[in-house]
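Worksheet: the structure to be examined is printed underneath.
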Amino acid sequence: MRFSPAPTGSLHVGSVRTALFNWLYARHHGGTFALRIEDTDVARSRAEWVEGIQETLHWLGLDWDEGPVLQSARFDLYLAAAERLLAAGLAYECYCTEEEVRARNEAARAEGRTPGYDGRCRDLDAAERAALAAEGRPRTLRFRTPDEGVSSFDDLVRGPVSVEWAHIPDFVIVRSDGTPLFFLANALDDADMGITHVIRGEDLLDSTHRVLALRAALGAGDPPAYAHLPLIVGPDRAKLSKRHGAVALEEFRAQGYLHEALMNYLALLGWAPVGDGDDGNAGEVLDAGELVAAFDLDRVTHAAAAFDHRKLDWMNGEWIRRLSAEELEERVRPRARERFGDHLDDELMRGAVRIGQERAVTLASLVDQMGFLFVPDDDFAIEPESWERLQKVERVTEVLDASIAHLETCDWNADAIDLRPSIESLGLKPRKVMPALYAAVEGRHAGLPLFDSIELLGRDRSLARLRAARKRVTDS
RNA sequence: GCCCCCAUCGUCUAGAGGCCUAGGACGCCGCCCUUUCAAGGCGGUAACGGGGAUUCGAAUUCCCCUGGGGGCACCA
């Protein structure tokens with residue numbers, strides 16, 4: 001099997017999901033998984049993306065047995081094949097320019113006719129070709145699709161799929177600059193690499209017929225089995241794209257999603273494991289090993305699946321909770337270091353991770369919450385919204401005074417720090433006034449558990465913040 | 001416009017003729033717990049697009065309609 005992205009950008013979650021399904025299937029059945037870079041479009045392909053794609057796949061937890069195979073290094077092979085097709089009359093020289101073809105397609109569309117190459121250069125004789133060439137026109141090689149009959153194949157997830165050849169226009173296999181196109185390279189490489197199963201997105205369903213026709217023309221032997229995955233769509237049911245928010249896997253990584261959560265979530269988009277629980281349902285939280293063991297194509301769904309960021313959030317929290325405290329620290333450290341620089345204190349961070357793990361949604365949110373520990377005291381500030389909340393708290397000055405008094409003398413551990421008795425002695429409900437204390441100490445009205453946070457922050461710093469808040473209330 | 005694919009709660013899905021008065025998960029709502037809350041527990045809301053046909057019986061099979069999506073490049 002193979003995953004064959006074009007190195008024209010960072011990997012989209014849809015592409016990653018395709019890579020994942022290929023990997024799961026190969027690993028489940030003990031097959032071979034290769035990475036092939038489809039960089040036949042030299043103008044759009046970039047070496048840095050070849051690197052980036054590998055980095056992303058590795059981060060997710062996918063590995064491959066062969067490659068990366070770069071198609072750009074195999075142009076001679078594709079071009080030789082194209083010459084064979086030309087010599088056999090299965091392809092022909094086309095002198096229509098890209099602009100002309102596009103204009104004729106648009107005209108066809110406007111008149112309600114079907115767009116697609118109109119076959120203008122299909123049956124040129126030698127003299128006509130020479131004349132067009134003499135005009136200095138660019139020359140492409142176009143594959144001659146069968147004139148009649150039906151193309152069909154048995155899709156592993158969709159079953160039989162067929163279309164009449166009459167609907168598939170001739171298509172370019174070698175550009176006017178002499179470089180080969182996707183269809184050609186793809187057909188040849190799949191044959192060459194011994195690919196037996198191709199899993200890819202449904203957006204490629206129609207183009208499968210072209211690849212199949214090329215393979216047949218090339219005498220490339222039995223084609224691989226194809227499985228077309230349902231598309232991943234946005235909330236509006238259209239193909240997932242930038243306008244739907246984060247779509248590149250790297251964006252999710254940057255936002256602090258765990259690779260375990262992404263793999264788990266993506267595996268469940270368009271596939272569901274067979275139920276084995278008491279209620280006949282399978283669990284939702286599955287690690288790579290469990291996914292590999294359970295995966296198969298017969299349980300891939302057919303309808304497009306909408307990407308649900310909220311469910312991903314939930315799943316990420318589940319995975320954060322499954323990490324050991326030590327492991328979570330390792331994941332948090334790099335971004336805490338980046339965020340807080342020299343102000344980061346490893347001991348404090350360790351403590352913050354322990355008290356924050358229980359409720360964290362993403363690594364980023366966790367780092368966000370621990371910020372109050374590392375901000376220099378002179379820079380500490382309460383978020384505007386939280387300050388407003390503090391001011392609205394009933395008898396807030398008394399609450400702050402009582403808290404200060406308690407912290408000045410209590411033992412220094414979370415149990416002793418518990419401020420609730422002090423609040424209750426004022427005849428107030430702790431729940432009602434806690435947001436003010438959160439704001440005063442952590443700078444926000446919701447954050448890491450307060451008493452543990454105060455313990456971590458230390459007596460002096462905690463008292464200083466409470467007194468500052470007290471003074472600010474009086475002054476305002 | 002033409003071709004292709006698809007159709008169960010808001011979302012991801014289970015369901016392969018009777019086990020379905022349709023199950024689970026996320027979300028949402030309520031209650032409980034609680035050191036705020038973004039965690040946890042319990043409960044609840046919520047779906048087979050429509051019409052025919054086959055059958056004793058259809059979410060499950062077939063047809064039509066409707067709806068949604070994808071494709072129709074010298075991108076992949």
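In this text the structure is predicted, and so the values were computed from the model without any measurement. In what follows, chains are A, B, ... by sequence order, proteins preceding strands, each numbered from 1.
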* To do: Give me the one residue out of R129(A), R142(A), R120(A) that meets salt bridge (charged side-chain N to carboxylate O under 4.0 Å, His left out) with E93(A).
  =>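 Passing option: R129(A).
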* Applying salt bridge (charged side-chain N to carboxylate O under 4.0 Å, His left out) between D190(A) and each of R36(A), R200(A), R215(A), report the one that passes. =>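 Checked R36(A), R200(A), R215(A) against D190(A); only one passes salt bridge (charged side-chain N to carboxylate O under 4.0 Å, His left out): R36(A).
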Mind checking if [X] touches a base, just sugar-phosphate, or nothing, with heavy atoms under 4.0 Å?
X	value
L204(A)	base
S453(A)	nothing
R299(A)	sugar-phosphate
N105(A)	sugar-phosphate
R44(A)	base
E442(A)	nothing
E38(A)	sugar-phosphate
F183(A)	base
T301(A)	sugar-phosphate
P435(A)	sugar-phosphate
H302(A)	sugar-phosphate
Q71(A)	nothing
L448(A)	base
C96(A)	base

Checking only heavy atoms, does the side chain of [X] share a donor-acceptor pair with the base of [N] at less than 3.5 Å?
X	N	result
R310(A)	C26(B)	no
D203(A)	G71(B)	no
S176(A)	C74(B)	yes
Q369(A)	A38(B)	yes

* Asked: Hey, are R74(A) and D192(A) close enough for a salt bridge, meaning a charged N less than 4.0 Å from a carboxylate O?
  ->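 A salt bridge is present here (some side-chain N lies under 4.0 Å from a carboxylate O).
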How many Å lie between [atom1] on [X] and [atom2] on [N], as a whole number?
X	N	atom1	atom2	result
I173(A)	C75(B)	CD1	P	13 Å
R2(A)	A76(B)	CZ	P	13 Å
L419(A)	U34(B)	CG	P	17 Å
K239(A)	C4(B)	NZ	C1'	14 Å
F143(A)	C72(B)	CZ	C1'	17 Å
L184(A)	A73(B)	CG	P	18 Å
R113(A)	C3(B)	CZ	C1'	17 Å
W271(A)	U13(B)	CH2	C1'	12 Å

Could you work out the separation of [N] and [M] based on their [atom1] atoms and round it to a whole Å?
N	M	atom1	value
U8(B)	G23(B)	C1'	11 Å
G44(B)	A25(B)	P	12 Å
G51(B)	C42(B)	P	39 Å
G17(B)	U61(B)	C1'	9 Å
G52(B)	C20(B)	P	27 Å
G69(B)	C28(B)	P	27 Å
C62(B)	C2(B)	C1'	26 Å
C31(B)	A38(B)	P	14 Å

Just so I know, are the side chains of [X] and [Y] near enough to count as touching, which here means a heavy-atom distance under 4.5 Å?
X	Y	answer
R17(A)	L229(A)	yes
L141(A)	L86(A)	yes
R102(A)	N105(A)	no

Measuring to OP1 and OP2 of [N], would you say a side-chain N or O of [X] lies under 4.0 angstrom away?
X	N	result
R431(A)	C37(B)	yes
S207(A)	A76(B)	no
T114(A)	G1(B)	no
R237(A)	C12(B)	yes
R175(A)	A76(B)	yes
R109(A)	C2(B)	no

In terms of side-chain heavy atoms of [X], which of [options] is nearest?
X	options	value
D308(A)	A76(B), C26(B), A39(B)	C26(B)
V163(A)	U11(B), C4(B), A38(B)	C4(B)
A446(A)	C5(B), A39(B), C37(B)	C37(B)

* **C72(B) pairs with, by Watson-Crick or G-U criteria that keep both distances under 3.5 Å** =>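 WC or wobble partner is G1(B).
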* Sort out the partner of A7(B) for me: Watson-Crick or G-U wobble, both distances under 3.5 Å, none otherwise. =>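 U66(B) is the nucleotide pairing with A7(B).
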* RNA chain B: 5'-proximal contact among G447(A) and P5(A) (nearest heavy atom) ->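 Upstream on the strand: G447(A).
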* To do: Between Y438(A) and R139(A), just flag the one whose closest nucleotide in RNA chain B comes earlier from the 5' side.
  =>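 It is Y438(A), whose closest nucleotide lies nearer the 5' terminus.
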* Asked: Does CD belonging to E385(A) count more than 12 external heavy atoms closer than 6.0 Å?
  ->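 No, CD of E385(A) has 12 or fewer neighbouring heavy atoms, counting only those of other groups under 6.0 Å.
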* Asked: Would the number of heavy atoms belonging to other residues, nucleotides or ligands and lying under 6.0 Å from CD of E148(A) be above 12?
  ->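 For E148(A), atom CD is not crowded (no more than 12 foreign heavy atoms under 6.0 Å).
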* **Aromatic ring of W314(A) stacked on base six-ring of C26(B), 5.5 Å, 30°** =>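 W314(A) ring does not meet the centre or angle cut-off for C26(B); no stack.
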* NZ or CZ of R299(A) within 45° of F295(A) ring axis and under 6.0 Å ->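 No, R299(A) does not sit over the ring of F295(A).
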* To do: Verify whether the ring centers belonging to F380(A) and F372(A) lie closer than 6.0 Å.
  =>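 Here the rings of F372(A) and F380(A) have centres that are no less than 6.0 Å from each other.
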